[in-house]
Student: 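I'd like to ask some things about the structure below.
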Amino acid sequence: MKSHRNLFWGLTFITLGVLFLARNWNLFPMPDWYFVRTLWPILLILGGVALMLRTSTPVMSVVATGLLAVALPFWLFSYIGRNHHYRNRHDFSMRFDPPSPPSPPSPPDAPDTPNPPSMNMDDDDDDDDDSDRENRHLRSGAFMEDMPTPAPAEARFVLEGGAAKFRMDDTTPKLIDARTKAINLYSMSIDRNVAQVPTVRLSPAKGSNGNISLFDNDGDSDFGEVVVKLNEGPLWDMQMDFGAGAADFDLTRYAVKTLKVEAGAASLDLRLGDKAAQSDVKISSGMASVKIRVPKSVGVKITTDGGLNSTEIDDDFAKVGGSTYLSPNYNASTKKITIRYDGGLSSLNVSRY
């Protein structure tokens with residue numbers, strides 16, 4: 001399984017590098033890639049074939065994984081339009097549009113007439129247009145649930161999202177208080193098991209996919225924001241799963257028993273606390289920038305895995321193996337945090353505060 005993963009990431013990055021190098025050096029004509037975006041179901045087909053053949057026919061599984069690793073860069077590359085900033089000096093794309101007919105001569109200008117008194121409406125109109133452009137693809141939602149009685153000793157929170165900015169940096173007297181303004185319309189559900197442990201799930205509603213434009217006219221993206229506040233009373237089991245975007249999770253006021261984060265091409269800023277006796281953290285990411293801050297009062301064990309990662313860990317951590325690090329107080333500390341990180345072409349930074 002690990003060999004398939006290494007093959008996938010290796011071919012993916014090689015293909016991306018070849019495509020960008022060809023575009024930068026104009027090694028061969030580059031047509032308009034827009035049509036490639038319509039072929040995205042091929043990625044699902046290849047992914048399904050790779051999964052089905054992984055255990056039955058290893059050779060075919062390797063072939064399917066390789067095809068997927070090559071197809072994915074072409075699909076990502078198709079989103080790079082010819083008008084982006086890094087192409088402001090050259091345009092190497094081929095255009096096949098027929099020449100436009102000459103424009104008819106312009107009519108003579110009308111004689112000047114006195115202008116009416118200015119009402120200073122231009123700036124307001126521009127502001128309204130900018131606001132409309134920013135909000136026309138974002139959908140808002142508010143979700144709250146009162147703290148049950150009696151208060152649960154433990155609780156579980158599941159966050160599923162697409163592309164957005166995710167933020168957790170405050171608490172609430174309720175069980176949850178969340179606000180969303182994103183390309184997806186979110187929904188919330190709460191389940192309770194036999195032990196009355198509530199599971200709060202916040203995820204995009206079915207069929208609510210918005211019109212995603214990766215880049216606007218200025219070359220930037222705006223996928224909106226998801227802000228979550230939880231009650232600091234329970235011992236929390238948290239699971240975060242999101243794609244592209246950014247996540248800023250300050251969990252210092254929560255007692256976190258387990259935390260599982262799965263991210264795609266994202267930026268993750270995570271701050272952990274010392275409220276729980278034992279916290280188990282597992283982070284999996286693709287091409288991501290991950291920054292983790294841990295308290296000095298807790299013993300910390302870090303294990304890393306993955307290829308082509310840039311790892312920067314505080315000097316006071318001792319490296320006890322090829323990919324394992326221990327804080328100086330790990331063995332003597334009564335509170336411990338274990339961090340397992342598995343990434344692709346990522347940057348990992350761990351510091352203590």
Side-chain angles (χ1 to χ4, degrees), residues 134-135 137-145 155-172 174-190 198-206 208-210 212-214 220-232 234 236-273 279-294 339-344 346-350:
E134 292 176 358
N135 297 315
H137 63 289
L138 301 182
R139 306 179 186 185
S140 300
F143 309 92
M144 290 178 289
E145 179 73 12
R156 186 167 183 258
F157 174 63
V158 179
L159 173 63
E160 298 175 347
K165 180 179 180 181
F166 302 92
R167 182 160 57 91
M168 290 181 63
D169 56 9
D170 202 357
T171 62
T172 176
K174 299 179 178 295
L175 180 62
I176 181 173
D177 185 347
R179 299 289 188 274
T180 64
K181 188 175 183 181
I183 56 177
N184 295 107
L185 181 64
Y186 278 72
S187 65
M188 186 181 74
S189 63
I190 299 179
T199 296
V200 182
R201 185 181 301 272
L202 184 64
S203 60
K206 293 183 179 180
S208 68
N209 293 333
I212 302 176
S213 176
L214 290 183
D220 299 322
S221 60
D222 180 17
F223 298 117
E225 186 177 49
V226 176
V227 180
V228 178
K229 299 178 184 179
L230 300 176
N231 191 287
E232 60 182 324
W236 283 99
D237 174 7
M238 299 183 180
Q239 180 177 335
M240 321 287 194
D241 188 352
F242 53 90
D248 186 356
F249 297 145
D250 185 349
L251 307 180
T252 54
R253 298 176 63 180
Y254 299 106
V256 180
K257 179 181 179 181
T258 59
L259 172 64
K260 183 178 180 181
V261 179
E262 295 188 3
S267 171
L268 172 62
D269 192 337
L270 176 63
R271 188 181 180 101
L272 301 172
S279 295
D280 296 318
V281 179
K282 183 177 181 181
I283 301 174
S284 301
S285 68
M287 293 180 288
S289 172
V290 180
K291 183 177 181 180
I292 305 175
R293 286 170 285 179
V294 294
I339 299 174
R340 172 80 181 188
Y341 177 73
D342 188 356
S346 301
S347 170
L348 173 65
N349 179 282
V350 181

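Basis for what follows: all heavy atoms, side chains included, without hydrogens, waters or symmetry-related copies.
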Student: Taking only residues two or more places apart in sequence, or in another chain, which ones meet Ser140 in a side-chain contact (heavy atoms from CB on, under 4.5 Å)?
Tutor: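 Expected list: Lys181.
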
Student: Indicate whether any N or O donor in one side chain lies under 3.5 Å from an N or O acceptor in the other, for Thr258 and Asp237.
Tutor: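 Their side chains do contain a donor-acceptor pair, which is all the 3.5 Å distance test asks for.
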
Student: How many angstroms lie between atom NZ of Lys260 and atom CZ of Arg340, to the nearest 0.5 angstrom?
Tutor: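 Rounded to the nearest 0.5 Å, the NZ-CZ separation comes out at 12.5 Å.
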
Student: If we ignore hydrogens and angles and just use 3.5 Å, is the side chain of Asp250 paired with the main-chain N or O of Thr252 as donor and acceptor?
Tutor: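 Here the side-chain-to-backbone pair exists.
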
Student: Do Phe242 and Val261 have side chains that get closer than 4.5 Å, going by heavy atoms?
Tutor: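 The answer is yes; the side chains approach within 4.5 Å.
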
Student: Could you tell me the separation between the CG atom of Asp248 and the CD atom of Glu225, rounded to the nearest 0.5 Å?
Tutor: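 Spacing of CG (Asp248) from CD (Glu225) equals 9.5 Å.
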
Student: Can you list the residues that meet the side-chain contact (heavy atoms from CB on, under 4.5 Å) rule with Asp177, with sequence neighbours excluded?
Tutor: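 Asp177: side-chain contact (heavy atoms from CB on, under 4.5 Å) contacts with Met144, Thr172, Arg179, Lys229.
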
Student: Would you say that Trp236 contacts Leu259 through its side chain, given a criterion of any heavy-atom pair below 4.5 Å between the two side chains?
Tutor: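 No; the side chains remain at least 4.5 Å from each other.
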
Student: Does a salt bridge link Arg253 with Asp170, judged by any charged N lying under 4.0 Å from a carboxylate O?
Tutor: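 Judged by the 4.0 Å cut-off on N to carboxylate O distance, Arg253 and Asp170 do form a salt bridge.
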
Student: Can you give me the closest heavy-atom contact between Ser187 and Ala205, atom names plus distance?
Tutor: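 Minimum heavy-atom separation between Ser187 and Ala205: OG-CA, 3.9 Å.
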
Student: With sequence neighbours excluded, what pairs up with Ser189 under the side-chain contact (heavy atoms from CB on, under 4.5 Å) test?
Tutor: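 Only Arg201 meet the side-chain contact (heavy atoms from CB on, under 4.5 Å) criterion with Ser189.
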
Student: Taking C-beta and beyond as the side chain, do Tyr254 and Thr171 meet within less than 4.5 Å on heavy atoms?
Tutor: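 Yes, their side chains come closer than 4.5 Å.
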
Student: Side chains of Leu230 and Met238: does their closest heavy-atom pair fall under 4.5 Å?
Tutor: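 Yes, their side chains come closer than 4.5 Å.
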
Student: For Gln239, enumerate each residue passing the side chain to side chain donor-acceptor pair (under 3.5 Å) test, keeping only those at least two apart in sequence or located in another chain.
Tutor: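 Scan of Gln239 (side chain to side chain donor-acceptor pair (under 3.5 Å), adjacent residues dropped) gives Arg156.
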
Student: Side chains of Ile183 and Leu138: closer than 4.5 Å at any heavy-atom pair?
Tutor: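 Ile183 vs Leu138: side chains touch.
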
Student: Please tabulate, for side-chain N and O atoms in residues 286-293, each donor-acceptor pair with protein atoms closer than 3.5 Å (sequence neighbours left out).
Tutor:
from   : atom 1 : to     : atom 2 : distance (Å)
Arg293 : NH2    : Asp269 : OD1    : 3.0
Arg293 : NH2    : Asp269 : OD2    : 3.4

Student: Heavy-atom distance under 4.5 Å between the side chains of Met240 and Phe249, does that happen here?
Tutor: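 Yes, side chains in contact.
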
Student: If the condition is salt bridge (Lys or Arg N to Asp or Glu O under 4.0 Å), which residues does Asp169 pass it with, not counting sequence neighbours?
Tutor: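 Result, salt bridge (Lys or Arg N to Asp or Glu O under 4.0 Å) vs Asp169: Arg167.
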
Student: Do you know the tightest heavy-atom contact between Ile176 and Phe157?
Tutor: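 Smallest interatomic distance, heavy atoms only, reads CD1-CE1, 3.8 Å.
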
Student: Would you mind telling me which of Leu348, Val350, Val281 makes a side-chain contact (heavy atoms from CB on, under 4.5 Å) with Tyr341?
Tutor: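 Result: among Leu348, Val350, Val281, Leu348 is the only option passing the side-chain contact (heavy atoms from CB on, under 4.5 Å) with Tyr341.
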
Student: Going from OG on Ser285 to CG on Leu268, what distance comes out if it is rounded to the nearest 0.5 angstrom?
Tutor: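 Going from OG on Ser285 over to CG on Leu268, the span is 8.0 Å.
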
Student: Counting distance only, does the side-chain N/O of Tyr186 pair as donor-acceptor with the main-chain N or O of Ala178 below 3.5 Å?
Tutor: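 Such a contact is absent between Tyr186 side chain and Ala178 backbone.
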
Student: Just how far is it from atom OG1 of Thr180 to atom CZ of Arg139, taken to the nearest 0.5 Å?
Tutor: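 Going from the OG1 atom of Thr180 to the CZ atom of Arg139 covers 11.0 Å.
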
